[in-house]
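Report on the structure given below.
What's counted below: heavy atoms across the whole structure, side chains too, no hydrogens, waters or symmetry copies. Chain A is the first sequence line, chain B the second, and so forth, proteins listed ahead of strands; every chain is numbered from 1.
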Amino acid sequence: MKELRYLRQEHLPNIWCAGCGHGTVLGSVIRAMEKSGIDQDRTVVVSGIGCSSRTVFYLNMDTIHTTHGRALAFATGIKLARPDLKVIVMAGDGDLAAIGGNHLIHAARRNIGITCICLNNGIYGMTSGQYSPLTPAGYVTTTSPHGHVERDFDLCKLVQAAGATYVARSTAYHTQQTIMYVSRALAHDGFSFVEVLSQCPTYLGRRNRMADPVTMLEWFRDTTVMAGAAARMKPEELEGKTIIGEFHRTTGVPEYSRAYREMVARVSGAEMAQAGASGANLMPVGSEPHVE
Amino acid sequence: MKELRYLRQEHLPNIWCAGCGHGTVLGSVIRAMEKSGIDQDRTVVVSGIGCSSRTVFYLNMDTIHTTHGRALAFATGIKLARPDLKVIVMAGDGDLAAIGGNHLIHAARRNIGITCICLNNGIYGMTSGQYSPLTPAGYVTTTSPHGHVERDFDLCKLVQAAGATYVARSTAYHTQQTIMYVSRALAHDGFSFVEVLSQCPTYLGRRNRMADPVTMLEWFRDTTVMAGAAARMKPEELEGKTIIGEFHRTTGVPEYSRAYREMVARVSGAEMAQAGASGANLMPVGSEPHVE
Amino acid sequence: MAPRKARAIEVNTSWCKKCGICVAFCGPEALRVNGTGMPEVVALDACTLCMLCELRCPDFAIHVVEDKEEAAARDATAAAHAG
Amino acid sequence: MAPRKARAIEVNTSWCKKCGICVAFCGPEALRVNGTGMPEVVALDACTLCMLCELRCPDFAIHVVEDKEEAAARDATAAAHAG
Amino acid sequence: MPQPRLMQGNEACVEGALEAGLRFYAGYPITPSTEIAEMLADRLPKVGGVFIQMEDEIASMAAVIGASLTGLRAMTATSGPGFSLKQENIGYAAITETPCVVVNVQRVGPSTGMPTSPAQGDVMQARWGTHGDHPIVVFSPSSVLETYTLTVKAFAVADELRVPVIILTDEVTGHMRERVELPEPGTLPRGARPGSGPQGNGDRAPDIPPMTHFGEGRRKLVTGLYYDESGWWSEHPEDADRLVRRLSQKIESRREALAIVDRWYLDDADVVVLAYGCVARSALRAVRNARARGRKVGMLRPACLWPFPSHEVAAIAGRVAAIVVPEMNLGQLVGEVERVAAGRCRVTGYHRVDSELIRPDELLPVLEEV
Amino acid sequence: MPQPRLMQGNEACVEGALEAGLRFYAGYPITPSTEIAEMLADRLPKVGGVFIQMEDEIASMAAVIGASLTGLRAMTATSGPGFSLKQENIGYAAITETPCVVVNVQRVGPSTGMPTSPAQGDVMQARWGTHGDHPIVVFSPSSVLETYTLTVKAFAVADELRVPVIILTDEVTGHMRERVELPEPGTLPRGARPGSGPQGNGDRAPDIPPMTHFGEGRRKLVTGLYYDESGWWSEHPEDADRLVRRLSQKIESRREALAIVDRWYLDDADVVVLAYGCVARSALRAVRNARARGRKVGMLRPACLWPFPSHEVAAIAGRVAAIVVPEMNLGQLVGEVERVAAGRCRVTGYHRVDSELIRPDELLPVLEEV
Amino acid sequence: MSSDATEPALSAERWEATLAGEGGQGVITAGIILAEAAVLAGLNAVQTQSYGPESRGGASRAEVVISPGEIDFPKVTHADVLLAMTAEACRRYASKLKTGGLLIADPDQVPEIPSGPYRIVRVPIGRIATQELGRAIVANIVALGAVVALTNAVPVEALERAVLARVPKGTEELNREALHRGMAAGREAASGTPASS
Amino acid sequence: MSSDATEPALSAERWEATLAGEGGQGVITAGIILAEAAVLAGLNAVQTQSYGPESRGGASRAEVVISPGEIDFPKVTHADVLLAMTAEACRRYASKLKTGGLLIADPDQVPEIPSGPYRIVRVPIGRIATQELGRAIVANIVALGAVVALTNAVPVEALERAVLARVPKGTEELNREALHRGMAAGREAASGTPASS
Ligand SMILES: Cc1ncc(C[n+]2csc(CCOP(=O)(O)OP(=O)(O)O)c2C)c(N)n1
Ligand SMILES: Cc1ncc(C[n+]2csc(CCOP(=O)(O)OP(=O)(O)O)c2C)c(N)n1
Ligand code: SF4
Ligand code: SF4
Ligand code: SF4
Ligand code: SF4
Ligand code: SF4
Ligand code: SF4
Ligand SMILES: [Mg+2]
Ligand SMILES: [Mg+2]
């Protein structure tokens, strides 16, 4: 259990409900850290607000519990200020996909070197069970008492379309895959995204005949298909299934904080050369001022 | 010029710079309206803030100029409250893709019956020329004086991945396509998205050797490829090209405001049947209160 | 079918902003920029009624008027064909 | 290669929340739920060292200790093969 | 007559809203306001209304304004962090004179703070949270029944005055369950939008333009820019001046009409406690205890915090020795009391910010000391 | 000694920030603040710093806090609507004691308003804009030179006190170009974060914990929940009380130290004008004109609005007949003056909200009348 | 709160209870039912609560105030009754019992009950729920039975109606039994008779 | 603004100019250059501006105050000079000229100049820029030349330095010529000599 060094063990047991998948995902993450030899003194883990975002309370490194939805924006500041640090975001589906959706697509678009792990339990756990953008269609939650009217949503597809250069999905049942994908994400140079389906027996499960965490894990086991296998299946066969696996992995796209530093090197070099340049004439003649 | 009835002609000339593409896009939109027989008295056009968002000042129907980035959120309220009205959003790349990106993906995800037209000039025109998420890599803007460090971004791809059921791209040069795509978008039952590249000679053009609007239109002409042709081209050949055309058009996905009304019909019917049901016992026994 | 013809090309001088787009992309060079910077018709006959000047004008300032007789004739022809 | 063996399976009773996950998915049924709701070992020998109980436990509360001698032997074998 | 029943504060807000004709709710979950959303998710579809959980609080506020502009009575509910996020669009509702109701069930904070505990830390924010001078009305209920009646009234005022109305409640009042006897449905005034339909009050309020709606064929323009009397965008200083002053005056000039004040033992009081929201209940008990000990203590409870009932407080300040203002914050409304008292009597704040409701026994010595 | 030169207010803010060691800027364009971003987009890379235009104002504020937590001096700039959006995260900076500087170049509004015109409508919002009781420091410069010096000071105060500092300027001051002679670089005090490095002021300010940074191997936790003295999340009332009171006190207790006040002709004044920001320049002219006409008029100009220099204003209130507070809003800081004056003298506001700078000639009759 | 009401006598007839335990034990539901029973019986009642983010296991508390007249301060000041379902709850609130008040504790959860100027009654609530009724989840109803049996705070008939109105359909019988078993256990415990067989 | 400075005489030596036109005419740039020239000449100067969202064509105005001493109020109160590049600008600001002030207008843009207690000088600024210099964009520099020639507000040498420091590289000669042509035109117009050939 060498990986336990990544936890603030003095603060365990954690606050999560019995059988909450978030603890399992946290376990997979620290094993991936161990595997990747993550340096606890050069890593910052950033979360938002939610049960999932409480992970940063237990990780034994620099951690920050920010405001709801904004983890990636804080992380962007940290990464740009200290590109040498490993920056990881861990947060929930509500946090990253609902209120934080814009920061997610823009972090992906910039390909900034942050590893983002979405603990997707398809519900707002912390606030007691309202629907999230990832709640399955038809499910009952406290804000969809008559069955959820919205469609199912594929977050990995969105993040990939936004420009992420590493994208994978696993579940709290598939711990070994999770460890593998998170390790690869941590090694990736660019924006890497791993969605991990996690169970919330207390709110999603209880209202949808899966009050037992074991039932929820069986649900993950029985309704997921590996990407490779899915590619060989017909659409009808995939009905109701969630595809897991590595969806996207590309290199050669410049990582943003490095690309920025390269520009800085170019510009500040030029600046040194042409010493004494004044900033006084920044406004081009004829440029009129600014509005709204 | 029957289409001019869709304009508040008494407020012309418009405030845009000479040669600004937004006027051209507005022209294409009113022609599409004319073609589609849009009822001026049953249509609401919603914008955010930006030069492009000033379109709503000139459209002769119910129009609303909201806050920066929030047009689709306002429009969602309008559409859900009055599903019988045609609801159209017209706004800029900054408005829809930067600050408003989250509302864009969630409106698309819900497949709500709104036609969203993005006037993409790759710049913040209204505030005098800062980069937007759609500014081409390397371009000079007031906030990328050393060349834009971020990557090119494909907004249509994002919106499609988010769940839009009609997605197309045109340019201010390609007016006939714009009219066709906007007409189809207006006829579409679900979330329809048309991105139209528009020129801002004043800020994007002037700083990037395209001060003349004609040069910018030539740029659109010379660097775009129709989707059909693009499908037959090699990646190298597509380097530096923008693909235009219809990317996605699917039916059969339920439109959100209707899906919601169907649930309402089901539930309120049930309610009538079982008259006198009390709301007092809404909280399941044992459910504890709510946090954060 | 007889080629379509323009009867007039009208410029709304109080809306036109002299951007030059209409003139630049008129294939048959039916238009040119006049001394004040506005478009003016130099070859009405050359106009192919492509309507691109009108479609691309950002200011709703140029209007190509189709020759009505021609148009009527054309419509009649079209109707005959359709019938 | 000799099959791997567990020397012990430790449960941290102050962290365990009695969720039952470890027991439910133990293929060889090496574990069961005891009277207090916690997992307890019923067949250490049956344990295949798949580690899934430990990997899936949300509370870091169960630890499968591999038999060191076995492990050492195995490592030696592996090293030989690798060489 | 509805039967007496035990009802939660947040539930009373829901019942009040439905009684007022609420037909549109957009929100984003946040403790301790979430029950409002949850109950409406169930109830609204049953009356043909719409409930939607938006992607965030900003979008919720936007959707509420959009729906209101079509003529529906619309509302959102939130707590601290969400209230901060809604501010920009609250300002939009104010300048466009779009009626809407925003509930803020206050919790401890700045930032995430202590999400499950009560506070009164957003009193000044409710008045000044958005940029620029803007009109706003803020109600603060002290009981479950009053949560109901003030919610009905909030919709009436929002519509009549075309203004966003904030219901500033708190975790205690919102989560408390209390015996209530609701008034007969239809008995509380429900108000109407000026000029809309036969009950329009256009004639009664010449400073408030008639409200027209989308879909009525008026082809109207709504904008957050300053506009002239025709509704068209304007940059003329005179239009700016006229608009901003009118918007502000329509509330200021109704300060007395909007005031809701409860008074106890004021006739002979030397010391008066001014308290609102959940703390008013602690204060009332403390005042009664003090009276029982022969102290000449009175109490004033404003249920409309903004506009502040300055006329009433000024009058009292002129005839008592001191006003004590206990609040679950570090001193917010007490500043307004000081301003209005203008030195005519002592004004003392009493603050508690540790997440616990102020208790009568801690107030008693404060009252006896001043 | 730097040469005298013509400099714009927003440019002076940039020069001041760079002089203070700014190394990180995140922002989102908005008139009339945008020049600050634009100049920094050019200048920061040249000194090895980072400029980033984020997707919105919320993200900008978040990125600034993130960067500051690594030890960089960080700033953002915005105007009205953007300032409203930043409020939630300003509260986060306040509770986590993360130094940062937020510039708000005020424009006319609520909502979009009149984006290119000046106002002073965000004075109360700057103090109360985020939910919950929170510490904040707000500076308001009246000239281009002062924009420079106050910006340098803002960074010093933010670091020393571990607090967000708002520079509340306005379209006039921000866009005005004025002859300035900047002080010699390195001569203005730049401050330091408590306990960080050899210049840390840890010993000097026992109420402000040392600031540690990410990447220093401390494995620290930062949270917007209430926390105990070890920094760990806490739900204990005692911790809540200690934290919130300390955060507030660290500013309140330095009210006099933070005060920046200019005084003119106070010795024999019967009437005093209290003005700030761009309006102070109109007021000074009016006061001088009044003096030329033999009126005993004085003037007080606070450049630190919050904490408000109550000690100074209270003293003056005790010896003059009236204080006149001209503002480009409907009366914001005047409320604080009234509160502090507590009836010892008349307090009169003078308001202009039509987008035009208050002119000396309109103030003169006001001064002569009171 | 109405200003024209005639003023009630101080604390006249005001009865206060604290029901304390941890998340999941249902003390808040118990508090709600108790208050509902009071309302059904024509009394005035207020129920308040306090809980942490650890509704997933952390401390949880309901307070109920019952009175024939107006209830101004809605929280318990000096409890007439404390129900302690955990040791932590007992430690925290026992001292706030009024002199002569009643402390009801589950001896399996609270092995050491601090003594004070109050009466202590030990009712093996959890054991009754799990062992006799076979469902841990009804412990709160058992407790409620004990509280009411020992205090007569509300009429039994109102209490039973309130319980049945709140519990999920299909569990009415179980809950009725839990209630009565709790009442019996309370009476037995008070009279010294063993509470559980 | 410093409180210890000795107080300046009222309006002593304070010189005020309003340069008004529409977006794109460069009046704000002209104002900046004028103020910069004052600073180069050792004077104090403040430049302010006002513009609308129609920087794309709407009204645009620069105000410049020059003084050897402190400048408190930064805006024009009673202008010594008004430069009117459009009829609208002339109509709006002419009445705000001080008695005896100077109104410089482009007669092609402002056909009808309202009369008042000020001196009027007509300089065909636009025509000089487009026809003589071939670049409409230098109209603002032409205008600046006229203003300074007619007022001596700043030394010519300082003005020329300020112009050259502000204009894009490669356009120095053009702008210098525009400046001098403007100065000559101003002098000619004042002396009655035709301004433009
Ligand atoms: C601005 C803001 N809005 C709302 C909340 C309330 N809130 C806290 S956590 C949460 C959602 C949590 O859902 P998710 O991110 O999926 O995490 P989970 O608890 O399910 O792990 C919400 C809405 C908040 N704290 N701040
Ligand atoms: C909350 C907020 N932030 C920033 C602004 C300033 N602003 C106005 S328009 C705009 C961007 C406009 O860009 P785009 O949407 O692309 O429209 P364009 O002007 O290019 O047509 C910005 C940043 C604002 N009005 N409100
Ligand atoms: S509420 Fe759900 S997500 Fe939160 S701790 Fe419990 S099981 Fe986990
Ligand atoms: S600034 Fe650009 S986008 Fe705006 S009106 Fe001018 S050309 Fe069009
Ligand atoms: S219609 Fe076509 S051919 Fe005719 S003038 Fe216009 S652009 Fe030229
Ligand atoms: S395109 Fe329109 S605005 Fe441009 S020159 Fe032609 S007519 Fe004028
Ligand atoms: S390691 Fe595998 S086999 Fe062994 S106890 Fe755990 S789950 Fe069972
Ligand atoms: S999985 Fe972990 S917490 Fe759950 S029962 Fe097993 S040891 Fe306990
Ligand atoms: Mg979740
Ligand atoms: Mg744009």
Roughly how far, to the nearest 0.5 Å, is [atom2] of [Y] from [atom1] of [X]?
X	Y	atom1	atom2	answer
Asp241(E)	His351(F)	CG	NE2	11.5 Å
Ser84(F)	Lys86(E)	OG	NZ	14.5 Å
Ser355(F)	Glu235(E)	OG	CD	8.0 Å
Gln125(F)	His134(E)	CD	NE2	8.5 Å
Met114(F)	Trp233(E)	CE	CH2	10.0 Å

Contact check, side chains of Leu225(E) and Pro115(F), non-hydrogen atoms, under 4.5 Å: yes
Audit row: Met124(F), Met124(E), side chain to side chain contact (heavy atoms under 4.5 Å, CB included) steps and yes/no: CA-CA 9 Å; Met124(F) 290 298 275; Met124(E) 290 298 276; 3.6 Å; yes
Just by distance, do the side chain of [X] and the backbone of [Y] share a donor-acceptor pair under 3.5 Å?
X	Y	value
Asp133(F)	Leu330(E)	yes
His131(E)	Ser111(F)	yes
Asp354(E)	Glu238(F)	no

Of the listed residues ([options]), which shares the most heavy-atom pairs with chain E below a 4.5 Å separation?
options	answer
Thr130(F), Thr223(F), Ile95(F), Val244(F)	Thr130(F)
Ala126(F), Gly331(F), Gly121(F)	Gly121(F)
Asp122(F), Asn89(F), Asp239(F)	Asp122(F)
Gln332(F), Glu336(F), Arg344(F)	Gln332(F)

With chain F as the partner, which of [options] has the greatest number of non-hydrogen pairs under 4.5 Å?
options	value
Gly82(E), Pro237(E), Ala93(E), Gly343(E)	Pro237(E)
Gly109(E), Gly113(E), Ala341(E)	Gly113(E)
Gly224(E), Ser117(E), Gly91(E), Ala119(E)	Gly224(E)

Which region of [X], side chain (C-beta onward) or backbone (N, CA, C, O), has a non-hydrogen atom less than 4.5 Å from a non-hydrogen atom of chain E, or is it both or neither?
X	result
Tyr92(F)	both
Glu356(F)	side chain
Arg352(F)	backbone

Heavy-atom closest contact (Pro110(E) atom, Tyr226(F) atom, distance): CD-OH, 3.4 Å
Region of Ile58(E) that comes under 4.5 Å of a non-hydrogen atom in chain F: side chain
More than 12 heavy atoms of other groups within 6.0 Å of His311(F) NE2: yes
